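Remember, it's a predicted structure, so these values are computed and weren't measured experimentally. Any value given below was found using the heavy atoms of this structure, including those in side chains, with hydrogens, waters and symmetry copies removed.
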Amino acid sequence: MAETKREIERKYESDESGLPDLTGAGGIAAVVDKGVAHLDATYYDTGDERLAASSVTLRRRTGGSDAGWHLKFPIAPDVREEIHAPLSDTLPDELAALVRSRVRDSELLPVVRLRSARDVRHLLDADGRLLAEVSVDTVHAERLTGRGGEAHWTEVEVELADGGDPALLDKVEKRLRKAGVRPSASSSKLARALEETAPGKRRESPHVRRPVTAGDHVLAYVRTQRDAIVELDPAVRRDAEDSVHGMRVATRRMRSTFKSFGAILDRAVTEPVAAELKWLAGELGRDRDREVLTERLTAAVDEVPADLVRGPVTERLHSWAAAEHGGARGRLLGVLDSRRYLALLDTLDALIADPPLLEAAGKEPRKPIAKAVRKDFRKVSRLIGQAADLEPGHDRDVALHEARKKAKRTRYAAEAAQPVLGKPAKTMVKSMKALQNLLGEHQDSFMARQALRELSAVAHAAGESAFTYGLLHEREEQRALRVEAELPGFWDGIKHGAADL
């Protein structure tokens with residue numbers, strides 16, 4: 001079974017002169033010599049080094065206190081998440097799954113071997129509590145691909161103890177700098193090994209600068225969403241908080257971009273891709289939508305006075321919520337391992353590498369990008385107006401839901417436009433997000449009323465009172481009417497703020 005830990009560490013260049021005295025820095029009362037460990041690590045990657053390109057490292061290491069397989073993902077500067085699996089001859093399936101979005105069908109090969117003599121010290125406070133571990137590593141790197149190559153260096157590594165204060169690292173670094181020790185230019189041992197053992201570098205052609213185009217800006221936004229899907233994949237597999245939602249939003253942003261900027265990216269090419277993104281978003285949201293609705297209804301039941309709760313309302317609500325929950329996790333993991341999903345990732349890579357650019361893509365960006373955002377905004381305006389002309393009821397509910405979807409698309413288009421249009425686009429993002437939230441409350445009420453009618457019918461068929469469901473239905477209806485009453489004034493404010501776009 002794999003274990004996960006958050007690794008906070010910094011690396012420094014060393015001239016083999018050893019460590020300065022660190023006592024007194026950041027509450028360090030003692031520096032305890034823990035001896036020398038001999039480590040032998042083989043790093044794996046694809047032939048084109050996809051993991052290294054994402055600053056992800058995968059290794060099998062023997063020696064030391066944590067021999068085994070280690071997979072590390074970057075979280076922030078100096079911070080990585082490390083997943084450790086027991087030592088085995090082959091890569092554990094659990095770790096293989098976590099790199100699948102990057103590796104796809106490519107074979108993982110041994111690319112670098114690092115053998116290190118690690119001289120370890122523990123930094124302790126006055127109570128003997130571990131604050132951090134410092135090691136002086138003498139490294140021998142050997143490239144295992146191509147014509148090979150070798151490199152040698154010595155570095156200092158300072159790793160914060162679990163639960164330690166990151167401010168300690170600043171104090172230790174200040175002491176190291178005074179002794180002439182400088183931060184490493186490489187983010188990891190692997191990065192340094194790949195650089196220093198690389199065969200002769202190809203001479204690159206001089207970079208010729210060209211004007212930034214509308215296509216450049218749109219593709220940058222598309223690329224960001226592709227990267228988000230790939231990078232969130234391991235978190236979704238591990239059921240990390242908000243990871244499913246984050247991946248789903250990335251699919252929506254990309255689909256919206258294809259629609260909003262159809263004058264820049266050929267819709268004949270992007271529409272089939274958008275259809276696959278819609279499929280993925282549906283799989284990601286299959287369980288989440290009902291979960292959110294259950295939370296809303298549960299909170300609503302809690303607000304009802306006890307004497308007005310007739311029958312096993314809470315129990316039936318939870319049974320309803322669980323009806324489709326069973327097997328949801330396994331189904332989602334199956335989707336992420338499916339040929340269809342991996343093919344979608346390949347398709348996104350190919351689209352970005354060879355984008356279907358139309359004539360407008362080559363133009364100066366301001367005009368075509370502003371035009372696309374204004375076009376989306378006009379669609380929202382038209383739908384809001386159409387909804388206002390309808391009587392309260394189902395047709396108005398549907399019209400406001402369509403307006404919400406268009407508001408979301410306009411928000412994403414304005415996000416993509418921000419580097420070009422600046423403050424007006426930023427204002428549009430805020431306005432559309434606020435409108436999306438307001439209309440989202442209306443849509444949530446609509447969905448809640450549908451669920452309450454379903455629950456009421458089931459309760460009635462079971463001989464239970466349907467009174468409480470009717471009460472909740474009425475409260476949801478009043479919520480929707482309050483949104484509808486607030487909308488005209490809210491929309492007038494948005495229209496005024498959009499005049500500068």
Side-chain angles (χ1 to χ4, degrees), residues 53 204-231 249-278 280-281 344-383 403 405-433 435-436 494-495 497-501:
E204 296 183 1
S205 302
H207 181 63
V208 179
R209 297 187 64 181
R210 63 173 179 79
V212 177
T213 65
D216 292 330
H217 281 282
V218 173
L219 283 173
Y221 192 74
V222 170
R223 189 179 296 109
T224 297
Q225 308 320 314
R226 186 277 312 273
D227 291 348
I229 293 171
V230 171
E231 290 166 8
V249 168
T251 67
R252 288 171 169 171
R253 282 188 165 114
M254 195 182 299
R255 286 176 57 216
S256 291
T257 302
F258 291 156
K259 292 178 181 178
S260 297
F261 298 101
I264 293 173
L265 295 176
D266 189 349
R267 291 281 295 272
V269 176
T270 62
E271 281 185 353
V273 183
E276 289 300 280
L277 289 167
K278 183 177 182 180
L280 178 57
L344 170 58
L345 298 183
D346 286 341
T347 299
L348 294 177
D349 288 349
L351 185 145
I352 291 169
D354 185 18
L357 300 175
L358 298 176
E359 182 180 354
K363 295 181 178 179
E364 189 278 330
R366 177 171 292 273
K367 186 174 180 179
I369 286 180
K371 181 179 179 181
V373 178
R374 286 195 297 267
K375 182 178 179 181
D376 279 345
F377 181 78
R378 286 195 297 269
K379 290 179 181 178
V380 177
S381 183
R382 185 171 63 252
L383 288 167
K405 290 194 291 185
K406 292 298 187 295
K408 191 182 299 185
R409 183 197 297 181
T410 306
R411 171 190 166 189
Y412 296 152
E415 283 181 355
Q418 269 187 247
V420 179
L421 304 181
K423 186 176 179 180
K426 185 177 181 180
T427 300
M428 179 65 74
V429 171
K430 291 181 178 179
S431 296
M432 289 299 100
K433 184 176 181 180
L435 178 62
Q436 177 187 331
I494 287 178
K495 286 194 295 184
D500 293 335
L501 186 66

Spacing of [atom1] belonging to [X] relative to [atom2] belonging to [Y], to within rounding of 0.5 Å:
{"X": "L265", "Y": "E271", "atom1": "CG", "atom2": "CD", "value": "12.0 Å"}
{"X": "D349", "Y": "L344", "atom1": "CG", "atom2": "CG", "value": "9.5 Å"}
{"X": "M428", "Y": "R374", "atom1": "CE", "atom2": "CZ", "value": "9.5 Å"}

For D216 and T213, does a side-chain donor sit closer than 3.5 Å to a side-chain acceptor?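 There is such a pair between these side chains.
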Taking the side chain as C-beta and beyond, is there a heavy-atom pair between [X] and [Y] under 4.5 Å?
{"X": "K259", "Y": "R267", "value": "yes"}
{"X": "H217", "Y": "I369", "value": "yes"}
{"X": "R226", "Y": "I352", "value": "yes"}
{"X": "D227", "Y": "R223", "value": "yes"}
{"X": "R409", "Y": "S260", "value": "yes"}
{"X": "L348", "Y": "V222", "value": "no"}
{"X": "V380", "Y": "I494", "value": "no"}

Are there more than 12 heavy atoms of other residues, nucleotides or ligands under 6.0 Å from atom NZ of K433?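 It does not: K433 NZ has 12 such atoms or fewer within range.
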Pairs of donor and acceptor atoms involving the side chains of residues 353-363, under 3.5 Å and at least two apart or interchain, shall be tabulated with distances.
none

Which heavy-atom pair separates T251 from L277 by the least distance, and what is that distance?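 Distance-wise, the nearest heavy atoms are CB-O, 4.0 Å.
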Can you give me the closest heavy-atom contact between I264 and G215, atom names plus distance?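 Closest heavy-atom pair between I264 and G215: CG2-CA, 3.9 Å.
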Only distances under 3.5 Å count here; give the side-chain donor-acceptor pairs of residues 410-426 to other protein atoms, sequence neighbours excluded, each with its distance to 0.1 Å.
unit_1, atom_1, unit_2, atom_2, d
T410, OG1, D376, O, 3.3
T410, OG1, K406, O, 2.8
R411, NH1, Q436, OE1, 3.1
E415, OE1, Y221, OH, 2.5
E415, OE1, R253, NE, 2.9
E415, OE2, R253, NH2, 3.2

